[in-house]
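First listed ligand is number 1; within each ligand, the first listed atom is number 1.
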Amino acid sequence: MEYNVSQIEEKWQKYWNEHNAFEPDSDMSKKKKYILSMFPYPSGKIHMGHVRNYSIGDAIARHYRKQNFNVLHPIGWDSFGMPAENAAIKHHTHPKKWTYENIDYMRKELNSLGFSFSQKREFATSDPLYTKHEQKIFIEMFEKGLVYQKSANLNWCETCQTVLANEQVEDGKCWRCDNEVIQKDMPGYYLKITQYAQELLDDLKELKEGWPQQVLTMQENWIGRSEGLEFDFHLSDESNKKLEGQFSQFKVFTTRPDTIYGISYAALAPEHDIVKYLIKNNLLPAEKIEAIKEMQSLSSREKSMAEKKGLYLELDVIHPLTQQKVPLWVANFVLIEYGGGAVMAVPAHDERDFEFAKKYDLPIKQSIRNDKEVFDGSHATTEYGYLVDSDTFTGLSSQEAKAKIIEYFESNHLGNRVVNYKLRDWGISRQRYWGAPIPMVHCPKCGLVPEKDENLPIKLPDDIELTGEGNPLWSHPTWKHTTCPKCGHEAVRETDTMDTFFQSSWYFLRYTTDPSLWEENAFDKKSSDYWMNVDQYVGGIEHAILHLLYSRFFTKVLRDLGRVSCSEPFANLLTQGMVLKDGSKMSKSKGNTVDPDDIIKKYGADTARLFILFAAPPVKELEWNDNAVEGAFKFIKRLVSKVELAEVCDTLPVIDHHALSKESKFARKKVYEALKKSEEVFQGGYAFNTLIAASMEALNALNTQEDKAVWTEGYYILSNILEPIIPHVCWEISSKLFGLKNLTKIDMVEEVFEVDKIVIAVTINGKKRTQIEVDATAAKEDIIKMAKEAAVKWLEDKQIIKEILVPKKLVNLVVK
Ligand code: ANZ
Ligand code: ZN
């Protein structure tokens with residue numbers, strides 16, 4: 001058969017489309033698999049990262065279909081977001097037009113790769129119907145107290161006119177436009193993800209089997225739980241007076257209460273209320289006020305990287321146990337967002353405190369001794385140990401002292417054991433046009449009021465002027481003017497739109513539901529109960545923290561709202577490696593991209609898929625290699641060219657294995673080895689490269705023999721196990737030879753793995769003592785080792801001076 005790539009690929013893509021070949025079955029009594037690759041942002045064209053992501057997911061989905069699972073393998077578009085808006089400004093088009101044109105183009109590209117997506121369940125998150133249900137979910141969350149408004153100092157990019165998450169700030173610059181990021185006090189909406197911090201942490205245990213350890217660790221660190229003591233520092237009387245009685249105390253948090261006798265100063269964050277008060281009331285010298293203002297202007301990320309800096313606030317606090325005076329400083333390493341924004345500083349046992357104390361010549365007082373580190377004033381000793389110079393706690397171990405000191409604080413009402421999390425509430429307000437409008441109204445009489453259900457979705461206005469400056473919805477002449485849903489008074493609509501992570505936090509639930517129910521429901525409970533959790537999620541490591549954490553959070557919230565039953569969205573997670581060229585990540589800016597369309601045009605989709613899955617195991621980085629692409633193409637061509645050596649049939653031929661030639665036996669063995677590999681590969685790890693290598697060996701072995709039945713069986717097995725990888729040619733082969741029919745379940749035929757045995761005599765100094773049975777193919781060392789073991793009783797007290805193997809006959813051991 002000739003390998004006419006485009007003809008074969010177009011034919012089968014058309015066939016699959018016309019036959020709705022990949023729609024899930026509505027029968028919910030069937031065993032199911034939900035296979036999901038992260039949905040793409042419609043940036044304009046697919047790239048090799050997409051090809052890899054979807055080739056992996058598609059292979060898994062196709063495999064389970066072959067195993068008779070009911071498979072849900074959907075695709076959609078994460079279609080709100082800044083690039084559409086920026087493109088619109090740059091090219092004077094409309095974000096909607098740009099987005100949906102991109103979707104149409106990219107859909108065609110995905111189709112040309114032969115991915116087995118459900119087509120009926122496709123949607124874009126910018127579809128008003130999606131927005132409608134999203135706004136409903138938002139309002140339900142608001143009514144449950146999970147959404148609130150607050151003002152906070154945020155990373156702000158003046159060029160993009162938007163708030164940035166900490167991860168979107170790289171070296172103090174905007175990740176997208178590379179301009180300076182500033183701190184700006186901005187009102188916004190927040191989701192109370194912190195209310196779920198402990199559950200998000202605890203449930204990581206359930207994901208141990210199915211998620212990469214690296215991702216679990218990243219999630220755990222992001223949540224950042226620590227246990228410790230929270231207590232109040234009281235200001236000295238003079239200091240209290242100086243602050244005009246406004247602040248008599250403030251809270252600090254420590255994870256090391258055992259070091260409390262080592263306190264040598266206390267420090268406040270530059271944004272702490274006490275510091276603000278000192279500045280506002282000019283209670284410090286002008287140059288100090290200037291210096292503090294400078295500290296305040298840095299983002300927390302910059303602060304963490306900056307040199308430790310601070311100054312004495314000309315105030316003192318009282319040590320809670322010794323009652324001694326301790327100087328109060330402001331320091332740039334104290335974060336306002338964490339643990340009250342103030343610390344007790346123990347330079348002897350904390351590195352940051354140490355660095356600061358050295359710089360400003362503050363006392364360093366040892367209170368812990370341990371055997372591992374020497375305390376010599378050159379660095380902080382941070383390990384646990386035994387308490388020294390700590391009054392009645394002296395001599396206790398750190399562990400004991402922690403418990404005892406917390407107990408002392410609690411029983412004397414001086415402080416409490418607390419748990420702190422690094423995790424912050426999720427700010428979802430964006431001052432952009434191309435997003436889901438936050439469905440809230442500001443009424444002068446009623447305050448903040450959610451929109452009425454029947455008014456949803458609150459749609460974006462089509463007539464919008466995008467200049468790149470300001471908040472487009474706010475600047476729109478009429479859009480924001482409305483009436484209060486509660487009292488009917490004139491009111492103003494919220495003009496912020498939602499962070500696009502909001503959309504990607506529940507899209508996987510939408511897919512579980514038949515589109516006939518989409519108008520009515522965000523998703524149907526019965527359907528989501530059947531399909532969830534996602535059995536295999538596939539995506540990039542760049543989403544290891546936020547997207548996964550937010551999706552886990554949403555799943556728990558939606559469970560508490562009675563909308564789903566599961567608590568975790570993704571049972572198994574595969575994070576695919578990057579696609580590299582010349583050693584670095586393919587990217588437009590580096591100019592080292594390979595356009596998937598070009599590869600498809602030149603070699604076809606099957607070659608692209610085969611190369612991608614053969615070049616490296618899915619989790620590893622993949623280096624682009626033109627020769628290997630060529631090699632993949634040649635393999636497929638060879639597979640197709642030998643089809644005529646097999647027989648067209650309705651039932652598989654019955655083969656008498658023992659009657660076959662040596663070559664045919666070997667070919668069968670290789671074919672069944674490939675079948676075995678296929679089973680292994682899908683049981684874990686998805687090392688498709690090993691399956692492909694085994695298939696290549698099998699084809700080579702088939703080629704050394706002429707038995708038609710062996711060829712036929714070989715093609716049946718190969719076209720089945722390779723179908724997940726190179727579906728077009730496999731459907732073509734299967735239709736040519738087997739009428740696309742499932743002939744039989746392919747069972748492992750164990751006899752093909754039997755190897756011929758031979759008997760070998762074992763002689764000692766030429767005298768036969770015993771004999772052994774070995775594999776015909778066994779190596780010399782192995783045979784001699786077996787011979788010695790078999791002859792062990794004749795070898796006692798003897799020294800072997802020579803070992804001779806006469807192949808297929810005997811082993812002679814010469815002893816003295
Ligand atoms: C005194 C101390 C002594 C500390 C010692 C550590 C070692 P994690 O584990 O990350 O929760 N800390 C508390 N609030 C802070 C803030 N707002 N900004 C910066 N640092 C802050 O860290 C808790 C520890 O970080 C706390 O324990 C505190 O320093 C510091 F030998 O208290 B520790
Ligand atoms: Zn009102």
Side-chain angles (χ1 to χ4, degrees), residues 152-153 166 194 197-198 201 220-233 250-275 295-296 298-306 308-310 317 319-321 326 328-358 362-370 372-373 375 379-390 393 397-399 401-402 405-406 409 415-424:
N153 223 346
N166 283 341
T194 53
Q198 189 60 47
L201 182 66
E220 188 177 328
N221 292 342
W222 192 260
I223 296 166
R225 181 186 202 272
S226 34
E227 251 180 59
L229 169 70
E230 184 180 81
F231 67 90
D232 284 334
F233 261 129
F250 60 88
K251 281 198 185 327
V252 293
F253 170 67
T254 178
T255 48
R256 294 291 305 270
D258 55 317
T259 67
I260 199 159
Y261 286 88
I263 292 179
S264 63
Y265 61 100
L268 300 177
E271 300 80 6
H272 196 279
D273 283 344
I274 294 181
V275 180
M295 285 183 222
Q296 289 172 339
L298 296 182
S299 70
S300 38
R301 200 195 156 88
E302 289 169 302
K303 278 180 195 145
S304 72
M305 296 195 301
K308 310 258 167 308
K309 249 193 216 155
V317 298
H319 190 291
L321 300 181
V326 173
L328 181 61
W329 285 62
V330 56
N332 66 349
F333 67 84
V334 184
L335 306 173
I336 188 62
E337 314 86 67
Y338 194 62
V343 300
M344 66 176 225
V346 184
H349 307 300
D350 180 277
E351 268 148 18
R352 289 167 306 179
D353 299 351
F354 180 86
E355 204 186 310
F356 193 86
K358 273 278 174 208
L362 289 155
I364 296 172
K365 189 170 171 295
Q366 183 182 15
S367 62
I368 303 287
R369 173 181 60 73
N370 74 61
K372 282 169 258 164
E373 302 164 300
F375 185 85
H379 63 282
T381 58
T382 56
E383 302 271 338
Y384 281 6
Y386 292 88
L387 274 68
V388 294
D389 265 338
S390 298
F393 300 100
S397 72
S398 287
Q399 289 289 12
K402 268 184 156 181
I405 290 172
I406 292 176
F409 272 83
N416 294 299
R417 171 192 303 280
V418 291
V419 174
N420 260 315
Y421 300 91
K422 296 245 154 61
L423 183 66
R424 299 288 81 146

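Remark: minimum distance from atom 6 (C) of ligand 1 to any protein heavy atom is reached at Asp350 OD2, 3.3 Å. Taking atom 10 (O) of ligand 1 as the reference point, the nearest protein heavy-atom neighbour is Lys422 NZ, 2.6 Å. Closest protein heavy atom to atom 28 (C) of ligand 1: Phe253 O, 3.7 Å. The single protein non-hydrogen atom nearest to atom 19 (C) of ligand 1 is Phe333 O, 3.4 Å, given as residue, atom name and distance. Summary of contacts: the protein heavy atom closest to atom 21 (C) of ligand 1 is Val343 CG1, 3.2 Å. With respect to atom 31 (F) of ligand 1, the closest heavy atom belonging to the protein is His349 O, 2.9 Å.
Between Ser226 and ligand 1, at least one pair of N/O atoms sits closer than 3.5 Å. For a threshold of 3.5 Å applied to N or O pairs, the pair formed by Thr255 and ligand 1 contains at least one separation below that value. Where the criterion is an N or O separation shorter than 3.5 Å, residue side chain and backbone included, Thr259 fails it with respect to ligand 1. At least one N or O atom of Thr254, backbone or side chain, sits closer than 3.5 Å to an N or O atom of ligand 1. Note: an N/O pair closer than 3.5 Å links Leu335 and ligand 1 by distance alone. Between Asp353 and ligand 1, no N or O atom pair is found at a separation short of 3.5 Å.
The aromatic rings of Phe231 and Phe409 sit tilted, their planes meeting at an angle between 30° and 60°. A tilted orientation is assigned to the rings of Phe393 and Tyr261, their planes being inclined by 30° to 60°. Below 30°, between 30° and 60°, or above 60°: for Phe375 and His349 the angle between ring planes is between 30° and 60°, a tilted geometry.
There is a side-chain donor-acceptor pair under 3.5 Å between Ser226 and Tyr338.
In this structure, Met344 and Ile260 approach most closely via the heavy-atom pair CE-CA, 3.8 Å. The two residues Leu387 and Ile405 have their closest heavy-atom pair at CD2-CD1, 4.4 Å.
Applying the salt bridge (Lys or Arg N to Asp or Glu O under 4.0 Å) rule to pairs touching residues 257-267 yields Arg256-Asp258, sequence neighbours excluded.
Of the heavy atoms in Arg352, only side-chain atoms (C-beta onward) come closer than 4.0 Å to ligand 1.
Taking the side chain as every heavy atom from C-beta outward, Tyr386 and Asn370 never approach each other to under 4.5 Å.
Counting atoms of ligand 1 from 1 in the listed order, those under 4.0 Å from a heavy atom of Val334 are 16 (C), 17 (N), 18 (N), 19 (C).
Annotation: Tyr384, atom OH; neighbour count of heavy atoms from other residues, nucleotides and ligands within 6.0 Å is above 12.
Shown here are the side-chain hydrogen bond (donor to acceptor under 3.5 Å, both in side chains) partners of Glu351, two or more places apart in sequence or in another chain: there are none.
Note on ligand 1: Asn420 sits outside its first shell, no heavy atom being nearer than 4.0 Å.
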